[in-house]
Every structure is written in C-alpha cells, then in structure tokens.
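First the structure, in the form of structure tokens, and then the observations on it.
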Amino acid sequence: MKLIEAKIIFDADDIKKTQEEIESVFYEFGAQGLKIEEPLENKNPLDYYRDERQFLMRDYSISSYFPMNFYADRKKEMYRKAFEEKFQDRDDVVYSLDFYELEEEDYQNAWKKYLYPEKVSRRFVVKPTWREYEAEKDEVVIELDPGRAFGTGSHPTTSLCLKLMEDYVKGGESVIDVGTGSGILMVAADRLEADEIWGVDIDELAVESTKENLELNRVSTEKSKVFKGNLLEIVKEKKFDVVVANILADVILMLLDDMARVIKKDGLIILSGIIEDKVTEVEEKIKSAGFEILEVKKDKEWRAIAARA
Ligand SMILES: C[S@@+](CC[C@H](N)C(=O)[O-])C[C@H]1O[C@@H](n2cnc3c(N)ncnc32)[C@H](O)[C@@H]1O
C-alpha cells in the first residue's frame, strides 16, 4: 500500500510557537510519528561533509503520514482547510503544504524497527503486534497495530489518561471515550473491567482502526460500541459513569457542556491533550460546567485532569 506524506514547509517570527501550532493541527487529526526537520543554526563547514542535505536545508518542515486509500483526498482537504483557517490572517507565518506519495514498505520498515513494548503507566504495557512480551504479575498488556490512528500509548497525553483511568476506574462502570483514535483507551477501560464501553471519533479511519484493535484485544462486541461522529450527534439520552477524552484543549472547551449533559450524577471525567498554556482556561470551564476538579497530572508540557460531576 502507498502512504501520503503531508509536508508543511514554513518560516515564522516565532519558530517554536509556530512549530507547536502545526504539530497541534496534525495531532488533532490523529497524526502520529511526525517528522520534524530544522536547518542548522550555525553552519560549520564540516557539517557539509557530515550531512550535505541537512547542511543545505534552509527551511523548517514538519511531515505527517497517512494511508493512501478511499479517504485520502478527504484527509488532504481537511488538512488544507485546517492550516488555512489557522494561518490565513497571520502576518507572522508563511507556509506551504504539499503531499507526496511514498511506498508504505519504506516507511513501515523505517519506523517499525524502533517500536518496542512500552510500559506506559503503573500497570499498562502497550505491545506492537509484531513483538513478543511476557507480562509480569499485575501488568496489563494492550496489543496494538499502530500507524493508522493516534494512540500508541507512548504520547504523554495518552499515558496521562491511562494513569488517571488506572487510579479512578474501579470496574462495573459505563464509559465513553470521546476521540477514540486507535481505541487504546477503550481497551484500557475493558481491562479495568468497565461494563459498557462506547467510543466516538469524527475520523472514519479512527473508527476502523478502533474496531480492529478492539477485536485484536478480544474486547466483547456486546459491551463495546464505536460510532463515527461527535458527542452531540451520537449520544442523545444515554448517561455514563465515566467520560474520557484525549483531545486538544480547544475541542475540550467546546465539548464540556455536552459532557456535563451525558454524565451521571457523581460521574467522572478524565480529560487529556491539554497544553500547559490552556490549563487554566480549561479548569475554569470545568468548574463552570458543574464539575469538581480532583487531580491535575503533568507530563512535559501536557496536562490531564480528573473531575467529578
Ligand atoms: C489525540 S487523539 C486521541 C486518541 C486516543 N484516544 C488516545 O488517547 O491516544 C484525538 C482524536 O480525537 C478525534 N477528534 C477530534 N475532534 C473530535 C470531536 N469533536 N469529536 C470526536 N472526536 C474528535 C480525532 O479524530 C483523533 O482521533
């Protein structure tokens, strides 16, 4: 199969900030394994001989990859629109977005080599399907075939969610995962003995990937359901004991009132994907939506919050 590389080449007044903004857009659409290239700051002529390509590079670039399939054109359009909305009225950023076709083999072999089972929380170990792993007592293994939708467990936003779920999900709950990506948090909910597990995602690829990963991890189809769409479209009357959502802060801010609508009395929300600059705004919104904050967990620049209805 072929893959498409979506490559943004950019220049900006504040490179670091723009880099983060571009990463956020890719990340919001479920991208993982971004390739970031930066020109050398101080060009030592010796570097020319070490790496000619890097030495000659003048621009910053960030690439993300997705499969070339039925949805590829839609995905390209989504990226074009998202970057246009982000940067069209800005004088401090210039960018170009291009798409390149690659053979998946080249890409697969390049990144598969570096993926190993990884212990991402106190109990959860995420294991790529092609590796062997013998679980220690008390460890819970989640098997994934990464590369299609976001959620391998190694991203801080996912591992923060898994850590909070491990601490707060006791078993027997109904859980909804908003922005399920690879379905990793749904599998985790199953391993924590939740009784009923729903997942929603606006991306068709994520829904497909979740279904595959639920099957791979033998999560019963009687207790799990996955839907394409957002919370408002999918959940009309039903209420849940737990809502988990690892999505960007701006999306969380939009969804919080809806979360309050679908949560049972004394239910729990676990929110991740919140960049540190946005945490105060999200905390305020959590409180005004009627929740009490129980805990804020940190990993690098990311924050995750557990709150009670
Ligand atoms: C960062 S990924 C999280 C994946 C996985 N839950 C994890 O924790 O690793 C965010 C996911 O949210 C989805 N998403 C973004 N906005 C959404 C919305 N309004 N409603 C539902 N899903 C959304 C994206 O398609 C993407 O798959």
Side-chain angles (χ1 to χ4, degrees), residues 20 23-34 64 66-67 71 74-75 78-79 81-82 85 118 120-121 124 126 142 144-166 169 175-192 197-214 217 219 224-235 242-259 261-262 269-275 278 297 299 301-306:
E20 280 171 11
E23 284 170 33
S24 295
V25 173
F26 278 134
Y27 162 67
E28 191 177 346
F29 286 106
Q32 58 174 5
L34 298 182
S64 151
F66 55 89
Y71 304 105
R74 209 194 72 195
K75 195 127 189 167
M78 275 159 57
Y79 276 140
K81 229 170 109 203
E85 274 169 19
E118 193 178 343
V120 293
S121 68
F124 286 115
V126 181
I142 298 178
L144 284 184
D145 195 354
R148 281 157 61 77
F150 185 99
T152 58
S154 55
H155 196 278
T157 61
T158 310
S159 59
L160 282 170
C161 252
L162 290 169
K163 286 174 186 157
L164 286 172
M165 287 175 75
E166 203 168 65
V169 177
V175 176
I176 184 161
D177 176 12
V178 184
T180 188
S182 64
I184 183 170
L185 302 179
M186 290 183 71
V187 179
D190 177 71
R191 297 304 187 261
L192 294 168
I197 307 156
W198 284 28
V200 296
D201 202 297
I202 48 171
D203 184 349
E204 180 80 41
L205 293 175
V207 173
E208 260 179 46
S209 158
T210 294
K211 285 184 182 156
E212 285 169 16
N213 285 323
L214 290 175
N217 286 279
V219 177
S224 61
K225 287 198 174 87
V226 198
F227 302 93
K228 180 181 173 293
N230 64 37
L231 205 49
L232 195 63
E233 290 161 352
I234 306 300
V235 185
V242 181
V243 176
V244 288
N246 173 14
I247 321 189
L248 287 183
D250 289 338
V251 183
I252 290 179
L253 288 168
M254 270 167 26
L255 291 179
L256 259 163
D257 287 329
D258 234 5
M259 291 181 187
R261 176 180 65 81
V262 305
I269 51 169
I270 294 177
L271 306 175
S272 188
I274 307 159
I275 198 91
K278 294 266 180 181
K297 258 198 192 322
D299 188 349
E301 70 275 37
W302 299 101
R303 302 289 179 271
I305 301 176

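Order of listing sets the numbers, starting from 1, for every ligand and every atom in it. All values below were derived from every heavy atom in this structure, side-chain atoms included, with hydrogens, water molecules and symmetry-related copies excluded.
Within the 4.0 Å heavy-atom criterion, neither part of L231 lies near ligand 1. Using a 4.0 Å cut-off between heavy atoms, E28 contacts ligand 1 through its backbone alone, with no side-chain atom that close. Using a 4.0 Å cut-off between heavy atoms, V251 contacts ligand 1 through its side chain alone, with no backbone atom that close. The backbone and the side chain of I202 each have at least one atom closer than 4.0 Å to an atom of ligand 1 (non-hydrogen atoms only).
Note that CG of D177 and CD1 of I197 are 10.0 Å apart. Values are rounded to the nearest 0.5 Å. Annotation: the span from I270 atom CD1 to K163 atom NZ amounts to 13.5 Å, rounded to 0.5 Å. Taking CD1 of I176 as the reference point, atom CD1 of I269 lies at 13.0 Å (rounded to 0.5 Å). To the nearest 0.5 Å, atom NZ of residue K228 and atom CD of residue E208 are 11.5 Å apart. A distance of 10.0 Å separates CG in N213 from CD1 in I142, rounded to the nearest 0.5 Å.
Remark: ligand 1 atoms within the under-4.0 Å shell around heavy atoms of N230 are 20 (N). Per-residue contacts place G181 under 4.0 angstrom from the following atoms of ligand 1 (heavy atoms of the residue considered): 4 (C), 27 (O). Those atoms of ligand 1 with a heavy atom of Y27 less than 4.0 angstrom away are 1 (C). If you number the atoms of ligand 1 from 1 as listed, the ones under 4.0 Å from a heavy atom of I184 come out as 7 (C), 9 (O). Under a 4.0 Å criterion applied to the non-hydrogen atoms of N246, ligand 1 contributes the atoms 1 (C), 2 (S), 3 (C), 7 (C), 8 (O), 9 (O), 10 (C). Those atoms of ligand 1 that come under 4.0 Å of a heavy atom in D203, given as number and element, are 25 (O).
Counting heavy atoms only, G179 comes closest to atom 11 (C) of ligand 1 of the residues A188, G179, G199. Nearest residue to atom 5 (C) of ligand 1 from T158, T180, L255 is T180 (criterion: closest heavy atom). Closest to atom 27 (O) of ligand 1 by heavy atom, among V178, D201, D177, is D201.
Atom NZ of K211 has 12 or fewer neighbouring heavy atoms from other residues, nucleotides or ligands inside a 6.0 Å radius.
The aromatic rings of F26 and Y79 stand perpendicular to each other, their planes meeting at an angle above 60°, with 30° marking the opposite boundary.
A heavy-atom separation below 4.0 Å is found between I247 and ligand 1.
Considering all non-hydrogen atoms of both residues, G181 and S209 come closest at O-OG, 4.2 Å.
Side-chain N or O atoms of T157 include none that pairs as donor or acceptor with a backbone N or O of G273 at under 3.5 Å.
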